[in-house]
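So the structure is just underneath, and the comments pick up after that.
Order of appearance sets the numbers: ligands from 1, and atoms from 1 within every ligand. Throughout, numbering of the chain's residues begins at 1 and tracks the sequence. Given the structure is predicted, the values throughout are model-derived calculations rather than measurements.
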Amino acid sequence: MTIDTSGNWWIGTEPEDIKSFLDAYTAEEYPSDEFRLAKCKCGSIAFVLEADDEEGAAIRKCVSCKEEHFICDSEEYWADSNPETCSCFECGSKETNVGVGFSLYDDRRAVRWLYIGVRCNNCGILGCFAGWKVGYEPSLQLMDNV
Ligand SMILES: [Zn+2]
Ligand SMILES: [Zn+2]
């Protein structure tokens, strides 16, 4: 796992580098305690991602089998959302790896906040495309639904 931090953007060589990026990105906010990399049922980890940061909803579409999956609790909020498609600001690619960072409350009984991290499948640039408050119980099950 190598992250090139020499340029303007962090570039990850592997999808799991999203975790390290989110750890650094969230260090001054609600720190990310848990990380899950999104993987399609078909085994693919490349997606087209749409998200609405305001409404707190995101959907990922597998580029291989076209399966669509609402990330965490997004399905509930999707109808009211105004989503944007994630595309790399450097190379323009819409294919991305997706990983979710979860900030838990101190007693680890519930999720406080989640972050949708991305890594461009073409050039490796890392970023955080959306994030929103969870703050209800039970919510630990969201970690099984990235
Ligand atoms: Zn798939
Ligand atoms: Zn790119």
Check: [X] side chain, [Y] main-chain N or O, donor-acceptor pair, under 3.5 Å:
X: Ser32; Y: Gly101; result: no
X: Asp4; Y: Trp10; result: no
X: Arg60; Y: Thr96; result: no
X: Arg119; Y: Gly12; result: yes

(Q) Nearest 10°: the angle subtended at the Zn ion (ligand 1) by Cys42 SG and Cys40 SG? (A)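 Value, to the nearest 10 degrees: 110°.
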Q.
For the Zn ion (ligand 2), what is the number of protein N, O or S atoms at a distance under 2.8 Å?
A.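 If we list every protein N, O or S atom nearer than 2.8 Å to the Zn ion (ligand 2), we get 4.
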Q. In the single-linkage hydrophobic clustering (I, L, V, M, F, W, Y; side-chain heavy atoms under 4.5 Å), do Trp132 and Ile59 co-cluster?
A.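 No; Ile59 is not reachable from Trp132 via cluster members.
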Q. Do other residues, nucleotides or ligands put more than 12 heavy atoms under 6.0 Å from Glu75 CD?
A.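 For Glu75, atom CD is not crowded (no more than 12 foreign heavy atoms under 6.0 Å).
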